[in-house]
Amino acid sequence: MVALAYFCFKRRFHTYFQEGCFNFVIGTDWNAVEGRESFGALPYIIGTLVSSTIAMAIAVPISVGIAIFITEMMKNKFGTILSFVVELLAAVPSIIYGLWGLFVFRFWIRDYVEEPLHNTFGGFPLFAQAPFGLDVFTAGIILAIMIIPIITAVSREVIKAIPHSQKEAAYALGATRWEMVKTAILPASKTGLMGATFLGLGRAIGETMLVTLVIGNAIGLAAIPTSLFSQSQTLSSIIANEFLNEASNDLHL
Amino acid sequence: MTVLLFVFVIIAIIPLASILFEVVKNGVGALSFEFLTSPPGALGSGEGGIGPAIQGTLIAVGIASLIGAPVGVLAGVYLSEYSSSSKHFAYFLRLFNDVLTGIPSIVIGITGYIALVLTLGSFSIIAGAFVLSIIMIPIVARVSEETLKLVPNTLREAAYGLGLPKWKVVWHIVIKGSKSGILTGIVLAISRVAGETAPLIMTILGTSLFFSGLNSPVDALPLRIWRLASQPYPAAHEQGWGAALVLILLILAMSVALRMFAQKRSITLFKGTT
C-alpha cells in the first residue's frame with residue numbers, strides 16, 4: 001500500500017513540477033503532443049464532479065428506498081429473492097453496463113428523455129444543447145444504475161442490524177409504519193447509510209470503462225459540460241484514453 | 001409511501017432486467033464452439049472468437065487469487081486475532097485497507113504499469129495478476145476480519161481451556177469455523193476482479209494470440225468486450241454481446257457454485273462444532 005502511494009506520487013509529481021500544481025487543477029488546455037505538452041485537468045475534474053453528482057442524486061434515494069422496502073415491507077419469500085438478485089447484480093462487471101449503455105440505453109434516453117426535455121425546455125441553458133445520447137447525463141444515469149445494487153446491498157445490511165426493540169418502541173408510542181421508519185430506522189442507521197453512500201460515490205468517481213464508453217470523450221475546453229447534454233470527460237476516462245494513445249505509439253515504435 | 005417505494009423498486013429493476021435481457025438476447029446468437037475456442041478473426045469480419053480472452057481471464061484471475069486470497073485472509077486473521085497487543089498499528093492497517101478499497105482501479109492499474117510493466121519491460125500476465133491481487137486483498141481482508149470476529153469467544157476459550165496453543169486455536173477453531181464467510185469474501189473479490197477492465201489495459205494490454213508465457217501480454221474478456229464494442233462493425237458488436245454473456249455466466253456460475261459449496265460446508269462444520 002505504501003508502494004502504491006509512492007509510485008503514484010512519484011509519477012504525479014512529474015506532472016506537477018512541469019505545470020505547477022495550480023495550473024494543473026485549473027488549466028483547461030490538454031495537449032499530449034511531444035514538445036507542446038500542457039496538462040490542465042479542470043474540465044475533467046468538473047466532468048467527474050457533474051457525472052457523479054447526477055449519479056448520486058439518482059441512486060441514493062432509490063437505493064435507500066429499496067433497502068427499506070426489502071427489510072420492512074417484504075419480509076416474505078419475495079424479499080429474499082429480491083435481495084439475492086440485488087447481490088448478484090452487484091457482481092455484474094461495469095464493462096457490461098457500458099456495453100448496454102452504448103448500444104441500448106443511449107437510444108432510449110435520447111429519444112424518450114432528452115428530445116422531449118430539449119424541445120420543451122430548450123430555452124434553459126441546462127437543456128440547450130442538441131441531444132446526442134453520449135453525454136454527461138447518460139453517463140450519470142448509467143453510473144447510478146451501476147451503483148444502485150451496491151448501495152442497496154450495504155444499506156440493507158445496515159437497516160437489518162437495527163434492533164427490533166427500537167422499532168417496537170416506536171410502534172408502542174403509536175407511530176404508523178412511516179413514522180416508525182422516519183423516527184426509528186433512519187436516525188439509527190444514518191452513519192451506516194452515509195458509509196454506503198460513500199462506497200457508492202467511490203465506485204462512481206473511480207469508474208472508468210463505462211464512462212469512457214458513454215460520456216463522449218471530449219478533450220480540452222470542450223470537455224467542460226455547459227449543459228446536461230454535452231459531451232465531457234472524467235479524470236479516470238482521460239487516463240484510459242490517454243494511456244491507449246501512448247501505449248499504441250510506444251508499440252508502433 | 002409504500003407505492004412510492006414500490007415504484008423505486010420497479011425503476012431499479014427495469015434497467016437491470018433490460019441489461020440481462022439484452023445481453024442474453026444479443027449474445028446467444030454469437031455463441032458457438034468455434035466462438036469460444038478460436039482467436040479473434042480479421043477486423044470487422046465477424047469471424048473468430050474469444051478463446052484467448054477466456055483463457056487469459058482464467059489465468060490472470062487464477063494467479064491473482066493465488067496471491068490475493070492468502071494475503072487477504074492472513075491480513076484478516078491478523079487484524080481479528082493477533083492485533084490486540086498493538087492497537088495503533090491495527091488502526092492504521094484498517095485505515096490503509098479502507099483507503100485501498102476506495103482507490104479507483106485505474107489508479108492501481110497505473111501503479112502496476114509503472115512498477116511492473118516499465119520495470120520488466122513488457123506488458124505481462126504477471127503485472128495484470130499483481131494488479132488484480134492488489135484490488136482483491138482489501139476486500140478479502142475486510143470480509144474475513146468481519147467473519148472471524150463473529151466466531152463466539154466461548155469457542156476460543158474452550159479451546160484454550162483444553163490446552164491448545166494459540167496457532168492451533170486460530171487454525172483449527174477460528175479459521176475452520178468461519179470458512180464459509182471467508183469463502184464468500186474470496187468469491188466476492190474474484191467476481192469483482194474478473195470484471196475489471198481499466199487496470200488490465202495498463203498491464204495485460206490484450207492481444208489476439210493465445211497464452212505464450214507468463215511475461216507476455218494476453219487477452220482478457222472485459223478487454224475483448226471493450227475492443228469489440230469500440231469497433232464500428234455490427235458483427236463485432238454481436239461478438240461483444242457474446243463475450244459479455246460468457247463473462248456474466250462465468251461470474252454467476254462461480255458465485256452460485258461457491259455459495260452452494262460454502263453452505264454445504266458450513267452445515268457440516270456446524271454439526272462438527274456442536
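Below, chains carry the letters A, B, ... as their sequence lines are ordered, and counting in each starts from 1. Just so we're clear, the structure is a prediction, and the values are computed from it rather than from any experiment.
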Response to the item:
Tested for side chain to side chain contact (heavy atoms under 4.5 Å, CB included) against A:I96, the lone hit among B:I248, B:L245, B:I251 is B:I248
Discussion item. What part of A:I148 gets within 4.5 angstrom of chain B, counting heavy atoms only: side chain, backbone, both, or neither?
Written reply: side chain
Solution key, residues 191-199 of chain A side-chain donor-acceptor pairs under 3.5 Å, sequence neighbours excluded:
{"unit_1": "A:T197", "atom_1": "OG1", "unit_2": "A:L193", "atom_2": "O", "d": "2.7"}

Item to complete: Please say whether more than 12 non-hydrogen atoms of neighbouring residues, nucleotides or ligands are located less than 6.0 Å from OH in A:Y171.
Response: yes
Discussion item. Within this structure, what is the CD1-CZ distance for the pair A:I150 and B:R192, rounded to the nearest 0.5 Å?
Written reply: 7.5 Å
Taking only distance into account, with no hydrogens and no angle test, what donor-acceptor pairs under 3.5 Å do side-chain atoms of residues 8-19 of chain B form with protein atoms, sequence neighbours excluded?
{"unit_1": "B:S18", "atom_1": "OG", "unit_2": "A:W100", "atom_2": "NE1", "d": "2.9"}

